[in-house]
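The structure appears right after this line, and notes come after that.
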Number of protein chains: 2
Amino acid sequence: MTTTNPTEAPAGRRRGPSMADVAREANVSGQTVSRVSNGRTNVDAETRERVLAAMRKLGYRPNSAARALRTGRFHSIGVIMFTLSTYGNMRTLDAIAVAATDAGYSLTLIPVPHPTQGEVSVALHRLSEEAVDGVIIIVEAHLLDETDVELPPDLPVVIVDSRGRDRYPVVDTDQAHGARLATEHLLGLGHRTVWHVAGPERSYSAERRRESWESTLRAHGAEVPPVLVGDWSSESGHALGLELARDPEVTAVFAANDQMALGVLRAMHESGRAVPDEVSVVGFDDMAESASFWPPLTTVHQFFGEVGRLSVEALVHEVEAGERRGTTLVSTELVVRESTAAPRRD
Amino acid sequence: MTTTNPTEAPAGRRRGPSMADVAREANVSGQTVSRVSNGRTNVDAETRERVLAAMRKLGYRPNSAARALRTGRFHSIGVIMFTLSTYGNMRTLDAIAVAATDAGYSLTLIPVPHPTQGEVSVALHRLSEEAVDGVIIIVEAHLLDETDVELPPDLPVVIVDSRGRDRYPVVDTDQAHGARLATEHLLGLGHRTVWHVAGPERSYSAERRRESWESTLRAHGAEVPPVLVGDWSSESGHALGLELARDPEVTAVFAANDQMALGVLRAMHESGRAVPDEVSVVGFDDMAESASFWPPLTTVHQFFGEVGRLSVEALVHEVEAGERRGTTLVSTELVVRESTAAPRRD
DNA sequence: CTGGCGCATGTTGACGTCAACATGCTACGG
DNA sequence: CCGTAGCATGTTGACGTCAACATGCGCCAG
């Protein structure tokens with residue numbers, strides 16, 4: 001049944017005191033309450049005090065729905081992303097959350113549990129009904145490309161870690177730079193060439209890292225060995241690492257993220273190939289744990305905080321000033337630890 | 001008219017078509033549009049089609065602020081949490097996000113960047129203005145205890161991984177069970193006693209794990225060695241592990257999470273103490289990476305997905321049915337890998 | 001043939017807030 | 001002594017939606 005009982009309370013739903021109640025209590029008009037609530041200065045000190053007292057007494061909380069309806073602003077940023085399970089996504093989200101809070105926005109998470117095109121469409125459609133002023137999208141590019149659902153045309157959007165289709169501002173780590181750093185580090189150590197454990201086929205960042213690794217090898221006249229394709233997980237790194245360990249030619253491996261690098265490390269240990277004495281391994285991300293891997297991992301540091309901060313900044317700028325930004329690249333840094341060394345002289 | 005400047009655009013703010021526009025286009029009343037928009041059945045098929053066509057043509061998107069104002073429901077769940085940087089928090093958040101989406105709610109993140117009491121107060125206060133139907137709180141218990149800011153009294157709340165102060169429903173992993181599992185596993189292997197690398201002093205879960213480790217030792221008549229206190233990070237695990245490695249008495253270590261266990265592993269390697277031959281190590285969490293640690297880590301598996309699912313379920317139940325749930329404990333499971341073995345016979 | 005019921009659809013008003021405009025009072029210059 | 005500028009405060013209406021009630025039509029039982 002819905003409601004038959006006449007003694008029933010307001011359907012379990014709270015309706016707190018409104019401005020009108022506060023106004024009555026403080027003996028002023030609703031508008032004055034509004035002014036106090038919004039921190040306007042043109043209110044007499046004594047009146048303001050009276051209003052604040054009334055607010056406290058009644059436990060007044062502004063109704064954000066009414067405010068949003070009136071002003072057209074929600075003060076909330078939507079974030080569309082896949083599973084939080086990759087280290088990078090999580091760190092980026094964390095940074096976005098902090099930056100958004102600082103900018104006076106809250107965050108609305110719109111997860112896309114299964115990265116299929118259909119799900120993305122659903123999420124984007126869902127977005128239409130969400131109460132957000134703008135959206136930060138962190139999904140693999142190809143899914144966006146293939147998705148026919150249009151984003152609401154007038155909604156500010158910033159793309160992170162992906163391609164902007166020439167239509168949206170992009171904030172991304174300089175993947176190419178990082179991969180070059182890693183590859184050149186290994187080459188500089190004297191390795192003949194560098195093997196690559198890549199991220200999944202259709203990942204934009206995996207693709208960029210792979211391209212850059214390849215072109216760096218070519219630029220240095222090094223042979224380009226076949227690419228091994230993983231899925232970001234340490235499991236896949238482990239499986240692929242086992243293959244690499246079997247080949248005595250392999251002396252240097254660049255994994256497209258730290259988790260796969262960890263798997264490679266394990267594979268080398270299991271196969272009795274010493275790191276870094278026989279095989280050098282470099283990762284990408286610089287997870288908090290990477291320094292505690294065995295051996296501590298040489299890797300490419302990503303400034304996730306910066307990516308998050310810049311994407312919020314770009315979005316808020318578009319929301320508030322109506323001006324769209326272009327592409328921003330965040331630099332990377334090589335962190336040399338103990339998983340890399342010069343190849344053994346045979 | 002309202003605007004003074006005739007050439008002025010709508011102040012950079014989008015105001016999409018409203019129900020009234022759709023109604024005009026479809027030649028029906030606004031109420032009929034509302035009915036179609038909400039999927040009511042009492043609309044003639046032909047009329048519904050006409051309305052849907054008009055919606056598509058105009059690109060109509062329901063205004064959630066107006067809807068929320070009218071209905072008093074936001075269809076959003078707030079999540080208050082510290083930094084996402086611990087593995088457990090992130091996994092829990094992920095699960096909450098998925099469960100919330102399935103239940104038809106979106107997620108509003110209210111981060112508390114710095115875990116000081118003041119910040120928590122700010123976050124809770126901020127909450128007052130957020131457009132949420134209920135809140136899931138994932139912060140250390142003591143900060144809640146010390147916080148004088150009251151939660152809005154009529155707002156449904158569920159506490160995760162913390163203590164409910166007898167006022168709110170709690171969903172938590174059965175910390176005590178997990179710690180007992182770990183300790184008994186080590187004892188069962190024949191170790192004389194088990195050393196403990198604990199989480200930070202004031203963490204509720206750290207406290208529970210530590211208590212349970214201690215009482216399990218006592219129950220088995222084993223000596224209780226001094227506790228080493230870390231901060232969840234692998235860095236701290238490493239530092240503490242170095243101390244443990246120096247003491248030849250130490251043959252079994254239970255770390256309160258996998259990240260600290262990783263640090264202990266590294267410390268043992270650096271100190272030349274073989275794992276598991278000389279020292280056994282057990283963690284807590286079962287991170288995705290733990291199987292790739294060297295050696296693969298024996299650890300206590302937490303069902304984060306279950307915790308997230310149950311907390312959303314409890315909250316939604318309270319929001320929609322007005323009934324409050326009690327405390328729910330989620331079980332744990334020991335995953336035995338290769339970081340544990342019987343102590344060496346000297 | 002008529003009263004009334006079921007169904008599709010329309011009309012009205014209120015949710016809480018805030019911008020725009022209106023009012024009324026004080027102070028100060030000419 | 002009056003005009004008006006400047007400030008605090010009040011009044012009005014609209015943002016978009018939906019619940020409640022109202023209307024009008026077809027159909028069937030009596």
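Chain identifiers are assigned alphabetically (A, B, ...) following the order of the sequence lines, protein sequences preceding nucleic acid strands; residue numbering begins at 1 within each chain.
Partners of R70(B) according to the salt bridge (charged side-chain N to carboxylate O under 4.0 Å, His left out) rule, which considers only residues two or more places apart in sequence or in another chain, do not exist here. When the salt bridge (charged side-chain N to carboxylate O under 4.0 Å, His left out) test is applied to R48(A), no partner is found at least two apart in sequence or on another chain.
Between V170(A) and V160(A), every side-chain heavy-atom pair lies at or beyond the 4.5 Å cut-off. Looking at heavy atoms from C-beta onward, V36(A) lies in side-chain contact with L52(A) at the 4.5 angstrom threshold.
Looking at D94(A) and R91(A), no side-chain N of the basic residue comes within less than 4.0 Å of a carboxylate O on the acidic one, giving no salt bridge.
Residues R67(B) and S37(B) have side chains that bring a donor and an acceptor to within less than 3.5 angstrom of each other. A donor-acceptor pair shorter than 3.5 Å cannot be found between the side chains of S106(A) and T108(B).
Nearest-nucleotide assignment on DNA chain C puts the 5′-proximal partner with G30(B), out of P17(A) and G30(B). Place A65(A) and V28(B) on DNA chain C by their nearest nucleotides, and V28(B) ends up nearer the 5' end.
For the contact set between residues 32-50 of chain B and DNA chain D, defined by any heavy atom under 4.0 Å, the members are S34(B), N38(B), R40(B).
Smallest separation of non-hydrogen atoms from L107(A) and A97(A): CD1-CA, 3.6 Å.
Rounded to 10 degrees, the angle between the two end axes of the helix from dC1(C)-dG30(D) to dG30(C)-dC1(D) is 50°, with five pairs used at each end.
Bounding nucleotides for the chain A contact on DNA chain D, 5' to 3', at a heavy-atom distance below 4.0 Å, are dA8(D) to dG16(D).
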Tell me which donor-acceptor pairs under 3.5 Å the side chains of residues 309-322 of chain A have, and how far apart each pair is, sequence neighbours excluded?
residue: R309(A); atom: NE; partner: E306(A); partner atom: OE1; Å: 3.4
residue: R309(A); atom: NH1; partner: E313(A); partner atom: OE1; Å: 3.3
residue: R309(A); atom: NH2; partner: E306(A); partner atom: OE2; Å: 2.9
residue: S311(A); atom: OG; partner: V307(A); partner atom: O; Å: 3.0
residue: S311(A); atom: OG; partner: G308(A); partner atom: O; Å: 2.9
residue: H317(A); atom: ND1; partner: R325(A); partner atom: NH2; Å: 3.3
residue: H317(A); atom: NE2; partner: E323(A); partner atom: OE1; Å: 3.1
residue: E318(A); atom: OE2; partner: R324(A); partner atom: NE; Å: 3.3
residue: E318(A); atom: OE2; partner: R324(A); partner atom: NH2; Å: 3.1
residue: E320(A); atom: OE2; partner: Y105(A); partner atom: OH; Å: 2.8

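Distance check: D133(B) CG to L155(B) CG gives 8.5 Å after rounding to the nearest 0.5 Å.
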